[in-house]
Amino acid sequence: MPRDKCPAGEENRADVKRKGGIKWNKYLIAGLCMTGLIVLLAIVGIFWTPYSTTSMSASERFAAPSLRHFFGTDNFGRDIFSRVMKGIGTTILISTLVVAMSGTAGILVGALTGYFGGVVDEVVMRVTDAINGFPSILLALVVISVMGTGQRNLVISLGIVFMPSFIRIVRSEFIRLRDADYISRARLMGVGRIRILFVHILPNIFSTFWVSVMIGFNNAILAESGMSYLGIGVQPPQASLGKMLSDAQGYLTTAPWYALAPGLTIVWIVLGFSLLSEGVQRLSK
Amino acid sequence: MVTIEDLSVNFGSTEAVRHVNLEIQGGEILGVVGESGSGKSVTALTLMGLVSEEATVTSGRILFDDAVLQEAGKPRDKALYRRYQGERMSMVFQEPMTSLNPTQRVGRQVEEMLRLHSMPAYSEEGAPGRGTAAEPSSPAEPKGRAAGGRQQRQAMKQLVLETFAAVGLREPERVYGCYPHQLSGGMRQRVMIAMAIILHPRLIVADEPTTALDVTVQNQIMDLLREINEKRHNAILFITHDLNLARRICHRIAVMKDGRVVETGTPEEIFEHPREEYTRNLIEAVPSRMKRRTKRGGGGQICPEPVVTVRDLQVYYREGGNSLFSRGKKNHVVRDAGFEIRKGEILGLVGESGCGKTSLSKAILGMNRDITGEIRHYSTRPQMIFQDPYSSLNPSKTVGWLLEEPLRARGKLEPERAMSAADMRCAAMEMLGTVGLSEAYYDRRPSQLSGGQRQRISIGQALITRPGLVIADEPVSALDVTIQAQIMELMRRLQEEMGLAYLFISHDINVIYQMSDRIMVMKEGKILEIGETEEVFAHPREEYTRQLLRES
């Protein structure tokens, strides 16, 4: 039987976008370099640090930055560089867990409420409104004071604080896509609901979700530092960037490097991840 | 009056317009016809000085009378353009929804044209053209010039109201105080035209001014443009993809392809003796009642047994809005529908937007459950092909995955018909061939395909499970004419080969005529007429059908 081939004119445009590979942009490169260095320090910090992070030395209190101690030493004579290395690990671990927890919850709850709507959706939305109504640090404080301090409880409390924003973002994307023509078609084909939710819709919200994960990650780093600064986060002698900042505030004039080292590291991390997310976004365009 | 000499416009390294020569004489309607991507809009936007900053004019120049508006190698003179835009040339855009500011009353928006271009300038410019204008020459005007403030505002308002009346808006006072969303598409387009003509420009550029409108409204707007041209003697540059429209109102037509003007001439010359192969193809591809579909081959016989019967169907649409009066209100969008679709036939459904065509099809497919009456299916899992090829394929999947998904879904529902991955791949490859694409497309994503190719994949996806019934909701409306003809051909061939039944929905009665065995005419939720295609076209029973036939 005759097969009318798709004529040449129609085919022109097809090959333009094919050649794959990553199109590097400045944001991506800068972001990868900055976060790469941080991750490297954190990983190395797990196994080895120039000095022990806990050993004190009375003779070397408040040593200024030098070749011996890159970032100087603190009020107990501990090497600040070593403590920053450990602190990065702690901070990133906590932030990752927080984002993983709230992001997963966001996808599950947001997908179901967004797609199905109805009463459950209304109720969940009012609850997230309520959570949003509190200042986030205050809310985390309440959770901590009920459950007690510690790294696990810190993750849980921050996870709850971060959940509403993820739920909202995922939900609005699912609402946007649930009536898309291709989803209607999937329904007509007889595709099951769960498969529509997670196979047909979910990959399409990835770019939006990725951005919110990156922003969330940065906020989590800041929130962890803030909590530790307030003394309700990571407990001594464990090192965390926020904890170091709060310890350093008494010595701002005498040993400014004590505060500057963790402070600038936080800035570096946040900036690195912002650039990375911007770069990834531009990649998908 | 306006001369475009050897104009080339580049976007980066792509040439959008290549060495175009056009001349618009005072008082004439010049049609520029071409498919999407032919450079017709870019030419018009360059002329208006509205083309985006990324575009560069690489050769040629544009003259208005004897003033050089734009020349290759020189940056756009914005100050110069500001003196021309609005006053001597103005533009009507395609999309009346987005070209008005939704937060301002339309009267104020039109008035802004007067406020930006001072009234005295207007009266000098407009003087020659206004003797025969529909409006009585405005007595308020000298006052407006003399006294400032309130009187001038009064005068401007008066002029806006007169222009509204001139473009055929009834109750200009009421329209003046309306927000855009309170007006229909046709009314909005009239407001846009009022805005374009209020300063009596000598050139109006109309970029697909009727494409977003219904046929009957489209005709009114076309008549209005012609009337304005006759009364005010301003030239119109009419840009369209629709040859028939151009033929109806233009004095001369230029056909564009790939950035070039391939042929210029009067409508008679173009249509009776097209010189270029491309023009001929374009004319061929336009669905028209002159060409009847070829009689079906032996393959697909219409059987009397139905694939779906509909009886006493009422479809409701619950308005979700929080507007004061329509809260929770049920809109009755389809009334007393009763018909059947027989095995192996194409039933055409024609009607204007908002007549309930789509609601009816969604009800048949079970996508809208707010119905009463009876729908009985005799085939399994009917499929649907949507209008917009850009939103009907999941952008995150490959073509192969998309074609296999219906098979996977069926395998889940009917385990005895589950297929192995290799079999599904085979079926998908075969379907690619069936819809006229090579197997290389298997790994591509929708974003790498053109509109026509996407529509082919959509068709393949709908047909791969061999449903008995396919509902096609305006499947060719978003496509260029030549692609449209190919897709219609493809759909017809597949229908005959597979013995499918189609419910083929379109607003274009000519498309319906070419495709359908039987025709169903809908208006305001009611089915007015059902009958054999020839029968309905030869002896329409209803006045509305006759009107539709007359106007296309």
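Every chain is numbered from 1, with letters handed out A, B, ... down the list of sequences.
- When the ring pair (Phe, Tyr, Trp, His ring centres under 6.0 Å) test is applied to A:Y27, no partner is found at least two apart in sequence or on another chain.
- At a 4.5 Å heavy-atom cutoff, B:T465 makes no contact with chain A through either its backbone or its side chain.
- A 6.0 Å sphere centred on CZ of A:R152 holds no more than 12 heavy atoms belonging to other residues, nucleotides or ligands.
- Considering OG of A:S184 and CE of B:M384, their distance stands at 8.0 Å, rounded to 0.5 Å.
- Shown here are the side-chain contact (heavy atoms from CB on, under 4.5 Å) partners of A:A220, two or more places apart in sequence or in another chain: A:S95, A:V98, A:V99, A:F162.
- The residue among B:A462, B:S396, B:A409 with the most heavy atom pairs within less than 4.5 Å of chain A is B:S396.
- The number of heavy-atom neighbours closer than 6.0 Å to CZ of B:F11, taken from other residues, nucleotides and ligands shown, is above 12.
- Only the side chain of B:R408 comes within less than 4.5 Å of a heavy atom of chain A; its backbone N, CA, C and O stay farther away.
- If you measure heavy-atom distances from B:L365 to chain A, the contacts under 4.5 Å come from both the backbone and the side chain.
- Annotation: the span from A:D179 atom CG to B:S391 atom OG amounts to 11.5 Å, rounded to 0.5 Å.
- Heavy-atom neighbours of chain A within the stretch residues 397-405 of chain B, taken at a separation under 4.5 angstrom, comprise B:K397, B:W401, B:E405.
- When side chains are defined from C-beta on, B:Q461 counts as touching A:R185, because their heavy atoms get closer than 4.5 Å.
- Counting heavy atoms from C-beta on, the side chains of A:Y182 and B:P446 never come closer than 4.5 Å.
- With chain A as partner, the option from B:P395, B:P382, B:P467 having the largest number of non-hydrogen pairs under 4.5 angstrom is B:P395.
- Using non-hydrogen atoms only and a strict 4.5 Å limit, the part of residues 187-196 of chain A facing chain B consists of A:L188, A:M189, A:G190, A:V191, A:R195.
- One finds the CG atom of A:D181 at 6.5 Å from the CG atom of B:D388 (value rounded to the nearest 0.5 Å).
- In this structure, B:E430 places its CD atom where only 12 or fewer heavy-atom neighbours from other residues, nucleotides or ligands lie under 6.0 Å away.
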